[in-house]
Amino acid sequence: MVSADPIKFHSREEPYKKRIASAQKKTGLTDAIQTGTGQLNGIPVALGVMDFQFMGGSMGSVVGEK
């Protein structure tokens, strides 16, 4: 999944799409959250980890969906 800008967000800083592209290049991530599933001592678990280096852990469209 990759971040999008469905509401055409505007800020006083650089455009949101450029901020996303910069964060992706800087971190090598596609969004602020990494998710996964697995087992811990045989118990099914799900994990979501926010990376603050990606736009301060901003909750974009991907984070909201995941």
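Here the structure is a predicted model, which is why all the values come from computation and not from measurement.
Looking at Val45 and Gln39, their side chains never come closer than 4.5 Å, going by heavy atoms from C-beta outward. Residues Phe54 and Gln24 are in side-chain contact: their nearest non-hydrogen atoms beyond the backbone lie under 4.5 Å apart. Between Leu29 and Asp51 there is a side-chain heavy-atom pair separated by less than 4.5 Å.
The distance from the CD atom of Gln34 to the OG1 atom of Thr27 is 8.5 Å, given to the nearest 0.5 Å.
In terms of heavy-atom proximity, Lys26 sits nearest to Gln53 at NZ-O, 4.0 Å.
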